[in-house]
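First comes the structure, then the notes that go with it.
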Amino acid sequence: MPVSDELDEIQAIFFEECTEGLAVAEQGLSAMAAGDVSKEVIAGVFRAVHSIKGGSGAFGHAALLAFSHCFENVLDEVRGGKIAATPEVTKVMLTAFDVLADHVAAAQGVAGPPSDAAALAALEEVLATKGAGTMAIASPAPSTPVETTPVDIEPAPAEADQFGFTPVIAGVEELDPFGFEPVGVSMDDLGSGDPQPWTVRFDPSRAAMANGAEPLLAVREVERLGGVMTEVDISALPPLRDLDPEESYLTWTLSVPATVEESTISECFDFVAPDSVVEITRAAASMAPAMPAPIDPSPAEPKTAPPTPVLALVETANEPPPPPRVTSTADARQVEVVQQTIRVDLMKLDMLLNLVGELVIRNSILSDRLPPVDQERVELPELARLTREIQDNVMSLRAQPIRQAFSRVPRMLRDLAGETGKQVILEVSGETTEVDKGVIEKIGDPLTHMIRNAVDHGIEDPADRLAAGKPAEGLIKLSAEQKGARIFVRVSDDGKGIDRVRVRAKAIEKGIIAADAVLSDEEIDQLICAPGFSTADTISSISGRGVGMDVVRSNVEALGGRVDITSTPGVGTTFTMILPLTLAILDGMIVRLSGQRFVLPLTNVIETVRPEPGQVRPMTPTSEVIELRGNYLPVKRLTDMFGLNEEARRSPEESLIIIVESESVGNVGLMVDTIDDRREVVIKSLDQNLYPIRGLGGATILGDGSIALILDIDALVASAGPITSNAPLKGLAA
Amino acid sequence: MSKLILAVDDSASMRMLLKASLTAQGFRVESADDGEHGLERMHDVVPDLLITDINMPKMDGFELIEAVRAVPQFRGTPILVLSTEFSDDKKLRARSAGATGWITKPFDSEKLGAAIRRVCP
C-alpha cells in the first residue's frame, strides 16, 4: 500500500478533480435547464459525477460514494435515453448537484455531513418512475430513512455472472458500507471428522485462450496452493494437423489440501472464460463422520476389517498392524505446521556444490559452442536461469549468520578486562551477514587472536588513554559485510596504533628483515603477521608469544582470503579479513594479456578507456599515470606485473585501460591487451600446495575448457610489483 | 524484470493511486489519461498488461480495448477493466471487445495486485 503521505497527496488531487468535476456538472446541468439536452452535455455531466464516485470509493468517503452512486444511476438512464431529460428531471438533478457539492465539502472536512434524504428520495423516485411523475422534491417521502437506503453497489459477490466476469471483490472492508464481503462457506464447519482434500475439476472452454487469458495460469495458481494434478484429460485433443494453438483442449483434475479455503481456490478461476467449467468438490467422507472403518480415532485397536479388498491387501502386506488412518492424517497436518529441519552431512552438500559448479561450467560451454539461434531453440537461457537458481539455493544451504562467530567475543572481552585492567566497549555490526558455514568455523581462531591483539597491543592502559585525551574505556568495533563475492570482517580499535619504529627494530632483531631494508609503512604493518614476530616487552598469558597474528594470516590465507592492516599512530588500528564465499559464481570480465586470458571481477570495474596518445604518461621512471577528466590515476601494466612481457611492449594506445576500484589504493587503471568477453565464472580455489600468490583470487574453467586465473584486484594493486610506487599519487587519485 | 503495466484512466488521482499501489507491489506502471493516448502509449510502452477505465473522454474503454485487440502484437496482452460500473451488459460489452477481466472500483490494492498476477504471472 502507498504510504499515508502519498495517499494524502493523491487525495488532495482527487478533491481538485472533484472541484473541476462539479464545475463541469454544474455547467452541463445549467445547459440542460436552458434546454440543451444534447448527448454530449449529458455525457459530460455523467462522467463528472462518475469520476467523483470512483475516487470517493477509493478514498473511503462512504456517504459521498453512496450519494454519487445514486445520482449516477439516474444520469446513466438519462444518458441512455431511458429517462427523458424533462425540466422536472433536470430540476431534481440540479438539487442533487447541490447536495453532491455539500457531500464533497463534507468529505474534505470543510463542512458537516449534509442531509441528503430529500434529494436521494427524489432521485430514487425518478429512477422508479422513469421520470414520469416527478414532483417529489417538494414532498420527500418521509418514510424513507436515509441511513438504510439500500444502494446496491455490488452484485452478489459469490456468483459468477454468465459473462464470465466473476466480480473481484474490491471491497475495502472497513470502508464498505454495503455489507458485502467475500463469502467462503467452509464445509469444515459443517461436520466433525477430518476434512478430505478438495477435488478441483477445471474444464476450460475451447475459447478460453481468447482475450489474452491463459487457463494454465489458473492451474498453476491452484498448484501453488498445494494442489496436485491428479488427472489431465486429453481426450479432446485433436490430431496435430487439426490442432489450433489458440484453443484449449485439456481438462485438469487437481487435488487440493483440505486446509485450503474453498473461496481461495475459486478465486484462482476469477478470470477464466465464460463457459469454462470449474467444479470444486470434496469427498463425501468428510461430510459423514459416521463412516466406519477408516476413521477410527483409537490407535490402540487396529481395525482388521478394511472397507475394500484393495486396502486389505496393502495393509496385510505390512508387518506391524496398520496404523489407523486418522492418526496418520493428523500427523501429516501437524507436520505442515512444524518447521522441519534435516541434518545432512556437510560432505554431501559440498558434493552438491561441486556438481552445481560443473553444471554452470557446462552451461557456459554450451553457450560458447552453440550459435544464438540454437541456444534459443534448446532454451539454453532458461537452463542457465535454472542452474543459477539451483546454485543460489545450494549456497544458501551452507550459509549461516556470522553472529555465530561473533557471539563469543563479548565474553572474551570481559575476561580480558579482568586480566589487563583495560575496559573495552564493543560495537558489533553486520552480524546477520550470511557466510558459508566452513568460513564461520575457520574464522573463530583468527578472530580470537585479532581481538586479543587489539586489547593487548592496541588499546592503551586507562591512565595513558586519559593522558592522550581519550575516554578511559577503549572501543573495539567488530563488523562484517559482504561485497560482491567477498566477506569483509573488520576488527578496529581506537588504541595507539602500530609503533612502526619498534616493529621495524624488532623485525631486524629477529632476523625477519635485513637491517638496511627499505619498507613502506604498509609493509612494516604486515610484519606483525610474520612468523615468530612479537613486540610485547612482557609475554602475557593473552598474547605476545608471537604466534597470534601469524595464525591469523595463515588461517585466512588457507581460506583463500587475506588480511589487511591499516594503522594510524595514536588513532587506532584496523585488521580486515577479506574472505571469499566458498563457491561463488563471479560476474567476470575476461581480458587477454600476451595471449593468456584472465578474469577480472566485474564488481571492481568502473569503466574502460581506450587511451588517446599522450593520455598515459610516465610519472617516475617506473610508474605511469592516466589523465582522466582532470584526475590522475596510477596505471599498472598487468603484463609486466605477471612477467608476461612480449618482445615488443605494447604502447598504451594499442591497449585498453580498465579503471578498477580497490579498497586500499582507490581507483587504479589496469592496462590489458584486449577484453574478450563478459561471463559468469565459477571460482575454483587454487590448490593448497600452490604458494598463495598475491593478486590471484583463484581460477576458473572457461567455456572452451581452458583455465583462466581470476585476479584479486585489491591484492594486485596493493602488492609491490615493478610499478608499485603509487603512494605519491594517492592525493591526485582522490 | 518486473511486469510493466499501462494504466489508462481520465482521473489523475486514480492514475496516481494505481501507480502508487502497484509500484509498491513491485510492478512498473506507465499511464495515459484517455483512450486515445492509451492506444498511443500501448505502442511506446508495450506493456505486459493493460488496465483501463471505461468512462473516459475522446475514446472510451470499450473502444480502446477493441483498438488494442486489433493490433496483432497485442492479441495476447491481458486487459483488465477497472471501473465503478458493474452492470452485466457493460461486462458483456467489455468481454466481446476483448477484455480479460473486470474489476469493480473501488479497488483493494492487494486484491488488484493478486488479480494482475492471476492474468499476468
Side-chain angles (χ1 to χ4, degrees), chain A residues 1-3 6-7 9-18 21 43-44 46-47 50-51 53-60 65 69 72 76 153-155 161-173 175-176 209-214 217-218 220-221 246 267-271 273-274, chain B residues 9-21 23-25 49-50 53-57 65 69 74-89 91-112 114-115 117-121:
Chain A
M1 279 300 281
V3 290
E6 202 174 2
L7 269 181
E9 200 180 306
I10 301 174
Q11 178 153 244
I13 293 171
F14 163 64
F15 286 129
E16 278 171 31
E17 286 172 352
C18 283
F46 173 83
R47 258 204 319 275
H50 177 83
S51 290
K53 176 187 134 186
S56 64
F59 294 105
L65 173 64
H69 175 71
E72 183 198 14
D76 194 26
I153 283 280
E154 200 64 33
D161 56 54
Q162 65 270 45
F163 310 109
F165 289 132
T166 305
V168 169
I169 306 306
V172 184
E173 276 77 14
L175 61 86
D176 170 19
M209 283 194 256
N211 289 3
E214 170 53 279
L217 292 180
R220 294 282 175 256
E221 200 178 346
E246 297 196 357
E267 269 176 22
C268 301
F269 300 97
D270 271 352
F271 295 123
Chain B
D9 200 307
D10 58 333
S11 151
S13 61
M14 192 54 70
R15 289 196 301 273
M16 290 176 73
L17 195 62
L18 275 170
K19 184 157 190 160
S21 318
T23 308
Q25 296 183 65
L49 174 109
L50 170 67
D53 188 18
I54 287 298
N55 289 289
M56 294 183 291
I65 295 170
R69 281 284 181 246
F74 301 132
R75 241 157 57 95
T77 306
I79 302 177
L80 292 180
V81 175
L82 181 63
S83 170
T84 42
E85 306 221 18
F86 54 83
S87 67
D88 287 344
D89 62 319
K91 289 179 186 173
L92 184 60
R93 262 189 78 188
R95 163 121 352 231
S96 60
T100 317
W102 183 290
I103 292 164
T104 308
K105 282 184 198 166
F107 66 89
D108 171 273
S109 177
E110 268 137 43
K111 283 179 183 162
L112 179 64
R117 283 185 285 272
R118 194 155 284 149
V119 292
C120 176

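Labels below follow one simple rule: chain letters A, B, ... track the order of the sequence lines, proteins then strands, and each chain is numbered from 1.
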Q: Output the option from B/Arg15, B/Met56, B/Arg117 having the highest count of non-hydrogen pairs under 4.5 Å with chain A.
A: B/Met56
Q.
Determine whether a donor-acceptor pair (N or O, by modelled atom type, separation under 3.5 Å) exists between the side chain of B/Gln25 and the backbone of B/Ser109.
A. yes
Q. Which pair of heavy atoms, one from A/Cys268 and one from A/Ala218, lies closest together, and at what distance?
A. O-CB, 3.5 Å
Q) By a 4.5 Å heavy-atom criterion (distance strictly below it), what part of A/Glu16 contacts chain B: side chain, backbone, both, or neither? A) neither
Q: Mind listing the closest non-hydrogen atom pair of B/Leu80 and B/Ile103 along with its distance?
A: CD1-CD1, 3.7 Å
(Q) Tell me if a side-chain donor or acceptor on B/Ser13 pairs with a main-chain N or O of A/Ile10 at a distance below 3.5 Å. (A) no
Q. Using non-hydrogen atoms only, which part of B/Leu49 is less than 4.5 Å away from chain A: side chain, backbone, both, or neither?
A. neither
Q.
Donor-acceptor check, side chain of B/Arg118 to backbone of A/Phe269, threshold 3.5 angstrom: yes or no?
A. no
Q: Go through the atoms of A/Gln11 and report whether side chain, backbone, both or neither lie under 4.5 Å from a heavy atom of chain B.
A: neither
Q) What part of B/Arg75 lies closer than 4.5 angstrom to a heavy atom of chain A: side chain, backbone, both or neither? A) both
(Q) Less than 4.5 Å to any heavy atom of chain B: does that hold for the side chain of A/Phe15, its backbone, both, or neither? (A) neither
Q | A/Ala210 portion near chain B, given a 4.5 angstrom heavy-atom threshold | A | neither
Q. For B/Ser11, which of A/Arg47, A/Glu17, A/His50 qualifies under side-chain hydrogen bond (donor to acceptor under 3.5 Å, both in side chains)?
A. A/Glu17
